[in-house]
Amino acid sequence: MAKVKRHELLLLSINKKKRFTLKELAEEFKVSTRTIQRDLLSLMDMGLPIVSEFGPHGGYKLENERILPPIGFTESEALAFLFALQPYKKSLSFPFRREAVSGHDKFINYLPDDAVKRFEEIQKRLLIHLPSYPDPVPFLPLFLDASLEQCLVTAHYELGGNTKLGRLQPIGIYCDCGSWYSPCYSHTENEFQVIDLKDVKQAAIQIEHQALMDFSEVTITNWPDLLPPSKKLQLHIKLEGEGIQKALRHPSLSSHVIQETDDSGLISMYILTNDIHRFAELIWSLGSDALVVQPAEIAEIIRKKTELMSRNYERIQTF
């Protein structure tokens with residue numbers, strides 16, 4: 001078997017095993033242990049995190065993340081990935097910023113010089129405005145990890161002007177209007193809450209086993225379906241003209257837009273009763289082509305904002 005091919009198959013085998021001995025790999029690939037040892041050194045030079053373990057049950061293990069086998073990107077695909085990574089490299093709060101920077105650097109290191117120059121030219125000629133990402137949020141990775149592992153977080157946080165200490169089971173995280181949020185089930189208050197992660201003062205994952213809600217089929221988009229009637233409101237908005245286009249471009253609303261014609265549609269979704277003011281601000285940004293049918297509370301907030309703005313402009317005219 002050719003050396004390059006053996007390295008690829010060896011990489012796949014190590015990724016599956018995580019722990020292994022030279023003898024096991026030598027028997028699998030029908031080569032000597034010395035050959036396998038040289039192969040492992042080559043893979044380690046490529047960045048594979050292999051460490052040796054001592055003792056009667058010693059051998060080798062793969063630490064941290066596994067490394068994928070070689071993937072044949074075309075030059076154009078590599079340039080597309082480089083450009084797509086740009087906003088995430090700059091975002092201090094993006095959960096995978098470090099990996100985005102590392103991936104970017106790997107592409108740059110392996111691209112030919114003329115392809116790197118082409119990428120630099122693309123940056124001069126192509127501009128895409130993407131949403132600005134918020135400042136670093138210290139406990140964002142912790143809430144993401146807790147949602148992936150489905151475990152509890154003990155947190156000290158602010159919500160609705162009140163300071164709380166509770167046991168939270170995060171469903172996931174999302175970024176909206178310059179802030180990171182995490183919908184959670186509070187096992188302390190037996191209710192769902194949407195936590196603005198910048199308002200989390202202290203947090204730690206609970207190690208001990210606790211009874212949890214079953215969120216295996218729950219996602220970051222369908223979780224409001226779990227809300228009891230007393231904790232949610234039906235949001236119904238009529239859209240026309242530019243309003244429907246703005247809603248389709250908004251990350252929190254686009255999946256709930258029902259487009260009836262090219263210039264008309266509606267939004268129908270459930271929101272938390274304590275999330276009214278945030279959604280009022282969001283709908284206000286859609287302009288006059290968005291009409292709130294329900295709930296009445298949001299319609300009233302927008303009406304008052306409209307009157308205030310009108311009075312402000314009337315004062316300007318009198319100057």
Side-chain angles (χ1 to χ4, degrees), residues 1-123 140-151 172-173 205 207 216:
M1 183 186 299
K3 182 178 179 181
V4 173
K5 182 65 175 176
R6 188 174 67 248
H7 281 186
E8 290 182 10
L9 295 176
L10 183 59
L11 183 55
L12 290 172
S13 178
I14 290 172
N15 274 335
K16 291 179 181 177
K17 294 177 185 297
K18 297 283 278 187
R19 279 185 163 79
F20 50 89
T21 65
L22 293 178
K23 183 179 179 183
E24 289 172 353
L25 294 177
E27 291 175 353
E28 180 179 345
F29 289 93
K30 298 179 173 55
V31 294
S32 68
T33 54
R34 183 178 290 273
T35 297
I36 287 294
Q37 194 168 34
R38 287 197 296 267
D39 289 343
L40 291 179
L41 289 173
S42 297
L43 292 177
M44 291 168 70
D45 288 339
M46 292 168 54
L48 194 68
I50 299 173
V51 296
S52 58
E53 296 182 303
F54 298 98
H57 302 290
Y60 295 85
K61 70 174 182 177
L62 191 61
E63 277 198 331
N64 302 322
E65 293 188 83
R66 294 173 284 187
I67 291 182
L68 298 176
I71 301 173
F73 289 109
T74 66
E75 193 172 290
S76 295
E77 288 172 337
L79 292 175
F81 274 108
L82 277 171
F83 199 80
L85 287 171
Q86 292 304 97
Y88 302 106
K89 278 180 56 198
K90 299 173 183 176
S91 169
L92 297 178
S93 68
F94 181 58
F96 305 107
R97 178 176 179 268
R98 181 173 60 85
E99 291 80 0
V101 172
S102 173
H104 172 276
D105 292 346
K106 286 179 181 178
F107 273 119
I108 290 293
N109 288 336
Y110 282 96
L111 277 175
D113 290 342
D114 61 326
V116 174
K117 289 180 180 177
R118 179 167 174 75
F119 173 61
E120 292 171 350
E121 284 300 316
I122 291 174
Q123 289 182 291
L140 186 151
L142 183 146
F143 273 77
L144 178 59
D145 288 343
S147 68
L148 291 170
E149 300 298 328
Q150 276 306 287
C151 51
I173 63 173
I205 290 179
I207 304 301
S216 55

Enquirer: Please evaluate residues Ser13 and Phe20 with respect to the criterion side-chain contact (heavy atoms from CB on, under 4.5 Å), reporting the C-alpha separation (whole Å), side-chain torsions for both, the decisive distance (0.1 Å), and the verdict.
Expert: CA-CA 10 Å; Ser13 178; Phe20 50 89; over 6 Å; no

Enquirer: For the CZ atom on Arg118, are there more than 12 heavy atoms of other groups (residues, nucleotides or ligands in this structure) within a distance under 6.0 Å?
Expert: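 Counting neighbours around CZ of Arg118, 12 or fewer heavy atoms of other residues, nucleotides or ligands fall under 6.0 Å, so no.
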
Enquirer: Quick one: does Val116's side chain get under 4.5 Å of Glu120's, heavy atoms only?
Expert: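 Side-chain contact under 4.5 Å: yes.
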
Enquirer: Taking CZ in Phe81 as the centre, count heavy atoms belonging to other residues, nucleotides or ligands within less than 6.0 Å. Is the count above 12?
Expert: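 Atom CZ in Phe81 is not packed in, count stays at 12 or less.
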
Enquirer: Decide if atom CG of Asn109 counts as having more than 12 heavy atoms of other residues, nucleotides or ligands within a radius under 6.0 Å.
Expert: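 More than 12 heavy atoms, drawn from other residues, nucleotides or ligands, come within 6.0 Å of this atom.
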
Enquirer: Measure the CD1-CZ distance between Ile205 and Phe143 for me, rounded to the nearest 0.5 Å.
Expert: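 Here the rounded value is 9.5 Å.
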
Enquirer: How far apart are the closest heavy atoms of Leu10 and Leu40, and which atoms are they?
Expert: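 Closest pair (atom of Leu10, atom of Leu40, distance): CD2-CD2, 4.2 Å.
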
Enquirer: Within the 4.5 Å heavy-atom criterion, are Gln150 and Ser216 side-chain neighbours or not?
Expert: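 A side-chain contact is absent here, since even the closest heavy-atom pair is not under 4.5 Å.
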
Enquirer: Testing the basics here: between Arg19 and Glu24, what is the closest heavy-atom pair and its distance to 0.1 Å?
Expert: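 Where Arg19 meets Glu24 most closely, the heavy atoms are O-OE1, 4.4 Å.
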
Enquirer: Taking the six-membered ring for Trp and the full ring for Phe, Tyr or His, determine whether the centres of Phe119 and Phe107 are under 6.0 Å apart.
Expert: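 Judged by ring-centre distance (under 6.0 Å), Phe119 and Phe107 do not meet the cut-off.
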
Enquirer: At what distance, to the nearest 0.5 angstrom, does CG of Leu144 lie from CD of Glu149?
Expert: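 Interatomic distance, Leu144 CG to Glu149 CD, rounded to 0.5 Å: 10.0 Å.
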
Enquirer: Please assess Ile173 against Ser147 for the test side-chain contact (heavy atoms from CB on, under 4.5 Å), listing each intermediate value before the final yes or no.
Expert: CA-CA 8 Å; Ile173 63 173; Ser147 68; 5.5 Å; no

Enquirer: Taking all atoms of both residues into account, what is the closest heavy-atom pair of Arg6 and Asp39, and its distance?
Expert: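 Closest approach of Arg6 to Asp39, heavy atoms only: NE-OD2, 2.6 Å.
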
Enquirer: With rounding to the nearest 0.5 angstrom, report the NZ to OG1 distance, Lys23 to Thr33.
Expert: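 Here the interatomic distance stands at 10.5 Å.
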
Enquirer: Do you know the tightest heavy-atom contact between Gly103 and Leu85?
Expert: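 Minimum heavy-atom separation between Gly103 and Leu85: C-CD1, 4.2 Å.
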
Enquirer: When rounded to the nearest 0.5 angstrom, what distance separates CG in Leu79 from CD1 in Ile122?
Expert: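 Answer for the CG-CD1 pair, Leu79 versus Ile122, is 5.0 Å.
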
